[in-house]
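Below is one structure, written out as structure tokens, with a few remarks after it.
All values below come from the heavy atoms of this structure, side chains included, with hydrogens, waters and symmetry mates left out. Order of the sequence lines fixes the chain letters, A, B, ..., with proteins taken first and strands second; residue numbering starts at 1 for each chain. Note that this is a predicted model, so its numbers are computed, not measured.
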Amino acid sequence: MFDYKNVEKKWNEYWEKNQTFKTDVYDFSKPKFYCLDMFPYPSGEGLHMGHLFGYTASDALSRFKRLQGYNVLHPMGYDAFGLPAEQYAIKTGNHPNGFTQKNIANFRSQMKKIGLSIDWSKEISTCEPEYYKWTQWIVEQLYKNGLMKLQDMTVNWCEGLGTVLANDEIIDGKSERGGFPVVKRKMRQWVVDIPQYAEKLLDGLDNLDWPESTKLMQKNWIGKSTGAQLTFKVADTNYTFNVFTTRIDTLFGATYCVLAPEHPLVLKITAAQQKDSVLKYIDECAKQSDIERQDTTKEKTGVFTGAYAVNPATNQNIPIYIASYVLSTYAEGAIMAVPAHDERDFEFATKFNLPIIPVIEGGNKGECYTGDGKHINSGFINGLNTEQAKQAMNKWAEENKIGFAKTTYRLREWIFARQHYWGEPMPMYYDSKGNIYLTPETELPLTLPNITNYQPQGGLSPLANATDWVKFKKDGVEYTRELNTMPGSAGSSWYYMRYIDPHNDKVLADKKLLDHWLPVDLYVGGAEHAVGHLLYSRMWNKFLYEQGVHSHPEPFKKLIHQGMILASDGRKMSKRWGNVVNPDTAIAENGADVIRLFAMFMGPIQETKPWNSENIIGVSRFVEKIWALYTESGKIKDEENTNLDKIYNETVKKVTQDYEILSFNTAISQMMIFINAVSKENVFPSVYAKNFLILLNPIAPYITEELWQTIFKNNNTISYEKWPTFDESKLIEENVEMVVQINGKLRDKIVIKIDSTDEEVSAKAQELPTIKKLLEGKQIKKIIVVKNKIVNIVAI
RNA sequence: GCCGAAAUGGCGGAAUUGGCAGACGCAAGGGACUUAAAAUCCCUCGGAAAUUAACUUCCGUGUCGGUUCGAGUCCGACUUUCGGCACCA
């Protein structure tokens with residue numbers, strides 16, 4: 001029996017004592033491989049199966065690359081600022097740091113139990129001043145470059161949490177944490193001008209080895225839209241407003257305009273007799289939650305302002321409405337409505353009896369037509385198709401100073417402020433006039449003050465309670481500090497850089513090291529970060545790249561998302577269902593090797609799949625079989641066994657290829673096939689026995705270390721051995737079995753010399769008695785030979 | 001509503017470029033060993049027909065159609081599940 005408990009203890013101590021997995025980042029003599037996991041938020045619940053799964057996969061790859069002779073960087077850290085710690089502090093009055101540190105200690109010990117080959121000397125935590133000093137430094141650079149700014153924003157306000165939330169922190173109109181309702185509110189906020197990077201972020205996607213679906217999600221999130229901006233005059237006033245349209249060609253069919261209810265012009269242009277209804281409508285919209293407002297199944301609403309705009313193409317007056325289907329947050333917050341050729345405008349116009357003028361031929365009468373066609377009722381563009389008409393109209397608009405071609409993005413400013421205590425303090429302060437100052441670099445990190453009351457103060461961060469910290473004097477002048485702290489995504493947007501040089505106190509990280517180690521070669525993490533974290537990180541990376549911090553425009557070369565691990569009942573693991581399987585328990589009961597093998601054997605890592613504990617026995621038997629084979633069978637000898645040559649070389653080849661593409665389930669399957677073959681033989685050549693341990697080591701590090709040491713009397717760890725090579729000539733046999741088909745159906749098989757000519761093969765196939773019989777009375781039309789595989793006789 | 005991914009035995013899954021569907025493992029059934037059990041080993045294991053048995057035949061990768069000598073794989077339409085977005089002008 002494999003005594004996994006003692007073996008795990010022994011090797012955990014050995015690895016720690018010998019710093020087996022410490023990476024010398026200055027060693028540039030070997031090729032580098034940077035293997036990164038999305039670091040965990042250290043919750044009170046500890047690691048879950050999803051962590052175990054993803055971390056095991058990246059660890060197996062790290063160990064594989066190490067064995068292949070790469071200098072591997074495989075670090076770990078903690079995304080340690082966050083809401084649960086904040087709420088713990090609010091509830092208990094205790095400092096969130098204690099809670100966080102306790103959880104971190106638990107996470108670290110759990111990860112060690114899985115046998116992860118982490119370089120623990122490079123461990124980081126985003127809540128350490130040593131770390132967030134540089135988060136603050138980056139924020140200051142963003143500010144200096146005009147990318148971090150104060151802006152009046154319509155924000156997602158969550159009263160339940162007393163804070164502003166990012167779009168990706170909201171699910172179905174409720175806060176991701178706590179499930180509290182979220183409403184829109186206008187607030188002055190620190191924002192990162194990420195839209196400035198929209199085009200670069202879009203371009204950069206092309207060359208990344210990422211899942212296509214993730215790239216597409218980022219593309220959609222950025223939401224590039226090409227069209228034109230047009231200026232409309234408000235009739236009988238000096239007011240004008242801009243609209244954005246992708247269909248400038250339909251301008252002749254614009255029969256009304258709509259402003260978003262929040263549009264600044266609304267109150268200025270509303271006619272006296274419409275004032276009441278307009279105010280009432282604006283009020284209604286403000287009160288609506290996100291879910292209500294985004295419900296597209298509901299009938300569109302809106303009111304007439306009493307004002308008219310001038311259609312610049314027809315010079316006719318067209319009514320101006322306000323309606324909630326026009327969003328203040330997108331483009332100009334105003335549209336020209338072309339009901340004949342836009343579904344939404346059509347619905348609205350029908351409801352409010354507004355004129356619908358077709359300007360493109362096609363479609364049915366009385367219906368909205370969005371397709372291409374010849375323009376009609378459109379003055380100088382009559383007869384043109386959509387593309388031609390767009391060009392003509394763009395030219396016309398520019399010449400007449402009415403508008404110009406424009407590209408708009410859906411991507412909005414990244415709201416970079418939370419009304420929390422447990423986050424990085426913003427390194428800004430204000431004088432009595434409201435002028436903004438940056439905390440001097442020499443004074444960074446600006447550390448969190450100690451407070452006792454963690455309750456948010458009427459929309460202000462609990463930092464407001466630290467009066468001594470908030471107000472301070474410098475050269476006799478009184479200043480006030482920024483009270484907001486940074487969002488969770490701040491520290492996680494650059495942590496992969498810090499791992500490379502985690503204790504540098506002069507710079508964020510040595511440029512020479514960053515240039516060598518970036519980009520990350522493999523990034524493993526959940527698909528839930530497809531836009532949020534993975535977009536923010538890319539933007540910070542691009543910014544720091546442009547600042548000359550390092551020389552890599554993209555941070556993560558290859559990305560994979562590990563699938564979600566469900567409970568055996570096919571549902572999500574949840575306390576609510578009582579179906580949670582805890583990694584600690586699973587490891588204690590089966591051993592880390594067995595759990596690692598089991599996790600990797602379940603299926604492709606990208607797939608969501610259930611954790612069926614009863615299947616563990618399969619890999620457990622495999623482990624015991626190996627243990628017995630090496631320790632008891634006496635089969636390992638310095639002899640040859642030609643029966644095993646082929647399967648051995650096949651196994652080395654297949655396992656190597658499969659590890660390379662992270663297909664661990666098929667690699668394990670091949671190793672099982674090999675061990676099954678060995679168990680049928682009397683001799684297991686010691687060269688094969690040694691090399692098999694190396695093949696298995698990335699997934700099952702403990703048993704392989706132990707056998708390596710005890711059976712082969714090696715004093716060194718197996719972790720830096722040389723990856724076995726295979727002999728291609730051993731894979732080629734003299735004869736091959738070929739399938740004989742008639743009309744594509746399997747009828748017989750023949751064994752034939754490898755690489756026989758098509759003629760030889762088809763002649764031999766036709767001599768087979770079964771084939772002869774089946775071909776009786778039939779005429780052979782064609783014979784297709786797939787070399788060394790198939791003969792297909794087509795006959796009628 | 002729009003975008004994306006997926007669907008293969010009782011179960012997890014495998015199948016190179018379009019070339020023997022079901023590797024490997026679990027569960028199940030049968031047998032060996034044992035006083036017995038556990039463990040281990042051996043055999044069977046998609047469905048149907050037929051057969052003493054070997055053998056054989058037909059059907060079969062969500063549904064319907066197509067391309068092809070040949071389709072789990074390619075094309076078209078659809079169904080279901082999961083993920084994302086959600087009036088984006």
Side-chain angles (χ1 to χ4, degrees), chain A residues 1 167-168 172 211-221 223-225 227 243-247 250 258 260 290-291 293-298 300 323-327 329-338 342-345 347-348 408-412 527-528 530-531 561 563-564 566 568 570 597-598 601-604 606-622 624-625 628 657 663 665-673 676 679 737-749 770 781-795:
Chain A
M1 286 283 281
N167 280 348
D168 54 274
D172 290 336
E212 284 306 315
S213 55
T214 304
K215 289 204 229 177
L216 199 65
M217 265 201 240
Q218 292 216 346
K219 214 176 147 187
N220 292 342
W221 191 267
K224 183 175 179 171
S225 177
V243 303
F244 176 72
T245 176
T246 54
R247 294 298 303 273
T250 61
V258 186
D290 255 23
I291 343 171
R293 181 131 179 203
Q294 286 170 357
D295 187 355
T296 51
T297 58
K298 272 194 194 152
K300 291 189 179 14
S324 64
Y325 82 93
V326 172
L327 309 173
T329 47
Y330 182 73
E332 304 301 316
I335 62 158
M336 64 178 216
V338 186
D342 181 284
E343 302 278 1
R344 295 151 301 182
D345 298 344
E347 189 195 326
F348 191 82
T408 296
Y409 300 89
R410 198 193 82 110
L411 184 66
R412 284 190 265 145
E528 67 272 22
V531 278
H561 299 301
M564 212 198 304
L566 305 173
S568 56
L597 277 163
F598 175 63
F601 190 54
M602 286 198 305
Q606 303 88 337
E607 302 296 317
T608 293
K609 47 202 162 312
W611 182 271
N612 290 319
S613 303
E614 67 267 29
N615 290 359
I616 294 176
I617 188 74
V619 284
S620 176
R621 281 177 190 148
F622 176 56
E624 290 300 340
K625 209 176 205 175
Q657 284 173 350
S663 180
N665 55 331
T666 51
I668 293 168
S669 158
Q670 182 63 37
M671 289 190 278
M672 285 172 166
I673 292 169
N676 289 344
S679 64
E737 190 187 60
M738 287 181 69
V739 168
V740 183
Q741 298 179 334
I742 295 175
N743 297 334
K745 280 193 175 146
L746 171 68
R747 294 300 172 186
D748 207 343
K749 291 178 183 181
T770 43
K781 294 286 256 188
K782 208 198 283 185
I783 297 179
I784 292 149
V785 181
V786 184
K787 214 175 179 86
N788 299 332
K789 272 182 188 161
I790 271 174
V791 199
N792 188 17
I793 302 168
V794 186

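Separating the CG atom of A/L411 from the P atom of B/G84 is a distance of 19 Å, rounded to the nearest angstrom. As rounded to whole Å, 14 Å separates atom P of B/C20 from atom CG of A/N788. The nearest whole Å value for the distance from the NZ atom in A/K789 to the P atom in B/G19 is 7 Å. Put simply, NZ on A/K609 is 13 Å from P on B/A7, counting in whole angstrom units. Rounded to whole Å, atom P of B/A89 lies 13 Å from atom CD of A/E332. Taking atom CD on A/E607 and atom P on B/U8, their separation rounds to 11 Å, with Å as the unit. Nucleotide B/U56 holds its C1' atom 13 Å from the CG atom of A/L746, rounded to whole Å. Rounded to whole Å, the distance from CG on A/N220 to C1' on B/C87 is 16 Å.
Comparing B/C11 with B/A28, their P atoms are spaced 15 Å from each other, to the whole Å. Nucleotides B/C64 and B/A14, compared at atom C1', are 28 Å apart to the nearest Å. Atom name C1', nucleotides B/A15 and B/G72: the rounded distance is 9 Å, in whole Å. Of the P atoms belonging to B/C3 and B/G70, the separation is 34 Å, rounded to the nearest Å. Nucleotides B/C41 and B/C33 are separated by 8 Å at their C1' atoms, to the nearest Å. Atom name P, nucleotides B/C2 and B/C78: the rounded distance is 10 Å, in whole Å. To the nearest whole angstrom, the two P atoms, one in B/C58 and one in B/G1, are 45 Å apart. When the C1' atom is compared between B/C74 and B/G84, the two are found 27 Å apart, to the nearest whole Å.
The side chain of A/M217 lies closest to B/G84, out of B/C87, B/C20, B/G84. Which of B/A89, B/A86, B/G19 sits closest to the side chain of A/R410 comes down to B/A86. Listed nucleotides B/C85, B/G19, B/A89 differ in distance to A/A331; the shortest reach to its side chain belongs to B/A89. Nearest to the side-chain atoms of A/S324 among the listed nucleotides B/C87, B/A14, B/A89 stands B/C87. Checked against B/C87, B/C20, B/C58, the side chain of A/I790 finds its nearest nucleotide in B/C20.
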- Kindly indicate, with the supporting measurements, whether the criterion side chain to side chain contact (heavy atoms under 4.5 Å, CB included) is fulfilled by A/L597 and A/I668. CA-CA 8 Å; A/L597 277 163; A/I668 293 168; 3.9 Å; yes
- Item | Check against side chain to side chain contact (heavy atoms under 4.5 Å, CB included), A/L411 and A/W221 | CA-CA 6 Å; A/L411 184 66; A/W221 191 267; 3.6 Å; yes
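Each of A/T608 and A/Y330 was assigned the nucleotide of RNA chain B with the nearest heavy atom; the assignment lying further toward the 5' end belongs to A/T608. Annotation: of the two residues near RNA chain B, A/V739 and A/N665, the 5′-most nearest-nucleotide partner is A/N665.
Take A/I673 and apply the side chain to side chain contact (heavy atoms under 4.5 Å, CB included) test, not counting sequence neighbours, and it matches A/I647, A/S669, A/Q670. For A/N788, the side-chain hydrogen bond (donor to acceptor under 3.5 Å, both in side chains) test picks out A/D755, with sequence neighbours left out. In this structure, the side chain to side chain contact (heavy atoms under 4.5 Å, CB included) partners of A/K781, at least two apart in sequence or on a different chain, are A/V794, A/I796. Evaluation of the ring pair (Phe, Tyr, Trp, His ring centres under 6.0 Å) rule for A/Y330 yields no partner, not counting sequence neighbours. Applying the side chain to side chain contact (heavy atoms under 4.5 Å, CB included) test to A/A334 and every residue at least two apart in sequence or in another chain returns A/F241, A/V243, A/L259, A/H263. The salt bridge (Lys or Arg N to Asp or Glu O under 4.0 Å) search around A/K215 returns A/E212, not counting sequence neighbours. Looking at residues two or more places apart in sequence or on another chain, you find no side-chain hydrogen bond (donor to acceptor under 3.5 Å, both in side chains) involving A/N792. Residues that satisfy the side chain to side chain contact (heavy atoms under 4.5 Å, CB included) test with A/M564, not counting sequence neighbours, are A/L566, A/K572, A/T608.
Counting heavy-atom neighbours within 6.0 Å of A/K219 NZ, excluding the residue itself, gives a total of 12 or less.
You'll find a donor-acceptor pair under 3.5 Å spanning the side chain of A/K300 and the base of B/C87, going by distance alone.
Not a single donor-acceptor pair under 3.5 Å links the side chain of A/K300 to the backbone N or O of A/D345. No donor-acceptor distance shorter than 3.5 angstrom exists from the side chain of A/R747 to the backbone of A/V740, with no hydrogens or angles considered.
A sub-4.0 Å separation between OP1 or OP2 of B/G13 and a side-chain N or O of A/T666 is absent.
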- Query: How does each nucleotide of nucleotides 64-72 of chain B score, in 5' to 3' order, for protein heavy atoms under 4.0 Å: base (B), sugar-phosphate only (S), or none (-)?
  - Reply: -----B---
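Among all heavy-atom pairs drawn from A/V791 and A/M738, the shortest one is CG2-CE, 3.9 Å. Considering all non-hydrogen atoms of both residues, A/F244 and A/G227 come closest at CZ-N, 3.8 Å.
Taking the side chain as every heavy atom from C-beta outward, A/H561 and A/Q606 never approach each other to under 4.5 Å.
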Which protein N or O atoms sit under 3.5 Å from an N or O of nucleotides 24-29 of chain B?
{"unit_1": "B/C24", "atom_1": "O4'", "unit_2": "A/S669", "atom_2": "OG", "d": "3.1"}
{"unit_1": "B/G25", "atom_1": "OP1", "unit_2": "A/N676", "atom_2": "ND2", "d": "3.1"}
{"unit_1": "B/C26", "atom_1": "OP1", "unit_2": "A/R621", "atom_2": "NH1", "d": "2.4"}
{"unit_1": "B/C26", "atom_1": "O2'", "unit_2": "A/N615", "atom_2": "OD1", "d": "2.6"}

Restricting to nitrogen or oxygen on both sides, can you table the protein-nucleotides 44-46 of chain B pairs closer than 3.5 Å?
none

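Secondary structure note: stems in RNA chain B built from 3 or more consecutive Watson-Crick or G-U wobble pairs under 3.5 Å occupy B:1-7 with B:79-85, B:10-12 with B:24-26, B:28-32 with B:40-44, B:46-49 with B:56-59, B:62-66 with B:74-78.
Glycosidic conformation of B/G46 is anti; the angle lies outside 90° of 0.
Using a 4.0 Å heavy-atom criterion, one finds that A/P211 contacts no nucleic acid atom at all.
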